[in-house]
There are 2 protein chains.
Amino acid sequence: MRPKLTDVATKAGVSATTVSRVINNYGYLSQQTKDKVFQAMRELNYQPNSLARSLHGKKTLLIGVIFPSISNPFFAELVERIENKLFNQNYKIILCNSADNKEKERDYLRMLIANQVDGIIAGTHNLGIDEYNKVGLPIVSFDRRLSDKIPIVSSDNLRGTALATKEIYQAGARHIYFLGNPHQIGNPTDLRLQGYQQTIAKLKLTPHIHAVAFSESPTLKSLSIKKLLTQHHADGIVCTDDLTAILVLQAARNLKIAVPQELKVVGFDGTAFIQEYHPELSTIVQPIDDIASLLVNILIERIDHAEQPLEQMQYILPVKLLRSQSTFYLDE
Amino acid sequence: MRPKLTDVATKAGVSATTVSRVINNYGYLSQQTKDKVFQAMRELNYQPNSLARSLHGKKTLLIGVIFPSISNPFFAELVERIENKLFNQNYKIILCNSADNKEKERDYLRMLIANQVDGIIAGTHNLGIDEYNKVGLPIVSFDRRLSDKIPIVSSDNLRGTALATKEIYQAGARHIYFLGNPHQIGNPTDLRLQGYQQTIAKLKLTPHIHAVAFSESPTLKSLSIKKLLTQHHADGIVCTDDLTAILVLQAARNLKIAVPQELKVVGFDGTAFIQEYHPELSTIVQPIDDIASLLVNILIERIDHAEQPLEQMQYILPVKLLRSQSTFYLDE
DNA sequence: TTTCGTATGTCAATCGTTTATCACAAAAAT
DNA sequence: ATTTTTGTGATAAACGATTGACATACGAAA
């Protein structure tokens with residue numbers, strides 16, 4: 001059996017109250033007593049039962065983190081940063097992969113409430129708005145509109161694909177395709193399509209939208225891409241994420257289409273992983289670390305000062321274009 | 001304020017005892033009463049406070065999952081599978097990224113104990129054995145020896161690199177290098193080096209070991225690989241992980257070394273990610289799903305029957321060679 | 001000498017739920 | 001008609017820690 005507070009008290013030869021006073025550091029305490037208690041705690045390898053403390057009204061220091069999947073490097077890196085920053089503030093995370101599954105997301109939401117988490121960071125959304133409103137806990141969202149009471153952090157998606165489109169145009173392409181997630185109403189990521197469309201209009205080109213669901217398997221995506229590359233005469237592709245862009249590069253290699261000479265490609269996300277293992281890909285870099293910081297900071301602010309009204313509902317962080325060989329021909 | 005058990009009782013017009021009976025399904029209960037209570041629970045959006053339940057001795061249904069990082073696709077996929085399987089058994093995970101940091105790992109271990117997790121799955125190890133022994137909780141380890149009381153699940157690392165070495169030999173290479181993590185005493189992954197050495201000896205070749213720390217940054221790794229490819233005349237490389245193998249392929253491309261004609265490369269891990277986004281790489285595939293299942297099953301067995309002695313201390317799962325274009329020349 | 005600040009102890013209530021015990025009544029079985 | 005089974009309630013202790021109220025004792029300052 002795990003030692004408890006009274007065991008420490010006995011061991012240290014003091015009262016339970018004193019031990020609690022030492023742990024929570026209040027009231028009058030002599031250095032000598034503190035030392036004795038700490039000593040006893042160490043000897044017994046004592047850890048205060050956090051359930052009991054939380055039951056008494058203290059924070060659980062648990063944060064629910066809901067994302068569709070961590071197999072995607074973007075989410076993996078984001079979650080890892082979030083975990084890190086929360087750890088530095090003494091919080092732990094309960095990781096929830098919703099798998100874009102309504103039931104699982106609902107179940108997790110219930111579990112998080114039952115476990116009295118102090119707050120939630122969500123990067124997924126399949127449920128109705130009222131389900132999120134009913135949660136009654138501080139929530140911050142990444143890139144999804146959960147309800148009008150929940151603040152959203154996102155990258156400048158609009159500017160992102162605008163930049164990408166312009167880059168491809170400047171590199172010489174005139175048949176520029178948009179490849180990625182089809183429309184979902186109300187989410188910030190829709191702006192990626194808009195950014196493309198606006199820029200294409202400005203450039204007086206014809207828009208070409210080739211929809212591929214984000215959740216589709218890579219094999220099916222590849223098939224669809226192959227069709228795009230063979231049956232259409234695209235010379236530039238704006239992708240809504242890097243992985244799709246990688247598939248495009250792969251397909252182009254197989255079809256002996258020279259990149260960037262015959263085909264220019266820009267991805268979206270710009271994870272460390274892509275930058276390191278696919279340095280040839282031009283991409284729109286989302287500021288993952290800033291996103292993580294902001295999500296964590298806003299959430300902790302909401303937790304510590306729940307009574308204060310929300311300062312802002314939308315936080316849009318700047319993106320950068322990382323120019324590389326998929327748009328820029330480097331003579332060697 | 002969140003509704004509590006007594007609120008449900010009032011709403012349903014029954015006693016608190018009855019509500020608890022309904023929730024825990026014991027004693028005599030009429031269907032009518034059950035319905036009334038469930039109805040009230042739904043209306044109030046009631047969730048039993050899991051802290052209070054656990055405090056009373058019920059399980060927390062929380063599992064600590066400690067891995068160095070989830071930015072590595074192998075760990076990401078493994079953790080995701082683990083999360084999934086645990087979710088199906090009603091457990092949630094507290095994700096701990098140790099970042100190969102002793103202090104962080106220790107802190108997390110403490111936190112997990114304080115939070116009364118029911119068990120721990122660990123895939124990292126920087127602490128002394130006694131620290132793990134002192135935990136006093138069911139633990140299962142992946143690929144690391146934590147103590148002689150903690151069961152280990154791992155792939156057949158020995159056979160893995162043996163297969164890889166043989167594959168490269170059969171493809172025609174005679175100057176076969178080992179590229180990867182330097183020796184760490186006592187861990188199953190050491191067997192990867194042994195598998196290489198044994199096979200090289202059997203083939204009567206000279207072993208060449210080129211050590212690159214697993215935790216090194218990709219940029220430094222690439223530098224080291226470039227040195228290997230230019231200053232030595234390797235025609236085959238057995239890598240201890242896929243990411244390193246990708247860097248080798250990258251470097252070879254930059255140096256205009258033809259793969260597989262001039263250089264044969266085999267990776268290790270064989271994640272879905274690699275198979276999908278780097279199908280050209282021959283690799284040793286670890287059975288990630290089986291690993292996850294086994295880890296989860298053993299842990300839950302330990303949790304539910306802590307009194308029973310451990311059946312087995314080592315579980316070694318078979319690996320497969322996935323042959324592709326980095327060792328096998330496919331005429332098109 | 002009195003009083004105050006310091007240092008500890010005792011006692012009890014509390015957090016929300018579980019569970020055992022006792023009690024009582026109505027329905028079903030003997 | 002009596003026993004048994006079924007269904008519900010009231011009460012209280014327990015889980016482990018926190019915290020406030022109150023008591024006590026010591027040394028030092030007034």
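It should be emphasised that the depicted structure is a prediction, and the values quoted were computed from it without experimental measurement.
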Quiz prompt | Distance in angstrom units between A:Leu5 CG and C:dT10 P, rounded | solution = 13 Å
Quiz item: Does A:Thr271 offer a backbone N or O that forms a donor-acceptor pair with the side chain of A:Asp269 under 3.5 Å?
Solution: no
Self-check item: A:Arg53 side chain to A:Asn24 side chain, donor-acceptor N/O pair below 3.5 angstrom
Solution: yes
Quiz prompt | Partners meeting ring pair (Phe, Tyr, Trp, His ring centres under 6.0 Å) with A:Phe87 (sequence neighbours left out) | solution = B:Tyr108
Practice problem: Check side chain to side chain contact (heavy atoms under 4.5 Å, CB included) between B:Thr60 and all other residues, then give those that pass, not counting sequence neighbours. | Solution: A:Leu51, B:Ser54, B:Leu62, B:Gln116, B:Asp118
Quiz item: In chain order, what residues pass the side chain to side chain contact (heavy atoms under 4.5 Å, CB included) check against B:Tyr28, with sequence neighbours excluded?
Solution: none
Name the pairs: protein N/O against N/O of nucleotides 4-9 of chain C, kept only if under 3.5 Å.
| unit_1 | atom_1 | unit_2 | atom_2 | d |
| --- | --- | --- | --- | --- |
| C:dT6 | OP2 | A:Tyr28 | OH | 2.9 |
| C:dT8 | OP1 | A:Ser30 | OG | 2.9 |
| C:dT8 | OP1 | A:Thr33 | OG1 | 2.2 |
| C:dT8 | OP2 | A:Ser30 | N | 2.6 |
| C:dT8 | OP2 | A:Ser30 | OG | 2.9 |
| C:dT8 | OP2 | A:Thr33 | OG1 | 2.8 |
| C:dG9 | OP1 | A:Ser15 | N | 3.3 |
| C:dG9 | OP2 | A:Ser15 | N | 2.9 |
| C:dG9 | OP2 | A:Ser15 | OG | 3.1 |
| C:dG9 | OP2 | A:Thr18 | OG1 | 2.2 |
| C:dG9 | N7 | A:Arg21 | NH2 | 2.8 |

Self-check item: Any residue of residues 46-55 of chain B with a heavy atom less than 4.0 Å from an atom of DNA chain D
Solution: B:Leu55
Quiz item: Do other residues, nucleotides or ligands put more than 12 heavy atoms under 6.0 Å from A:Gln312 CD?
Solution: yes
Quiz item: Just how far is it from atom CZ of B:Arg106 to atom CD of B:Glu103, taken to the nearest 0.5 Å?
Solution: 5.0 Å
Quiz item: When you list every nucleotide of DNA chain D with an atom under 4.0 Å from a heavy atom of chain B, which one comes first 5' to 3', and which comes last?
Solution: D:dT6 to D:dG16
Self-check item: Distance in angstrom units between B:Leu44 CG and C:dG16 C1', rounded
Solution: 15 Å
Quiz item: Where do A:Pro3 and A:Tyr46 come nearest, in terms of heavy atoms and distance?
Solution: O-CD1, 3.4 Å
Quiz item: Once the angle between the rings of B:Phe142 and B:Phe67 is folded into 0 to 90°, is it parallel (under 30°), tilted (30 to 60°) or perpendicular (over 60°)?
Solution: tilted
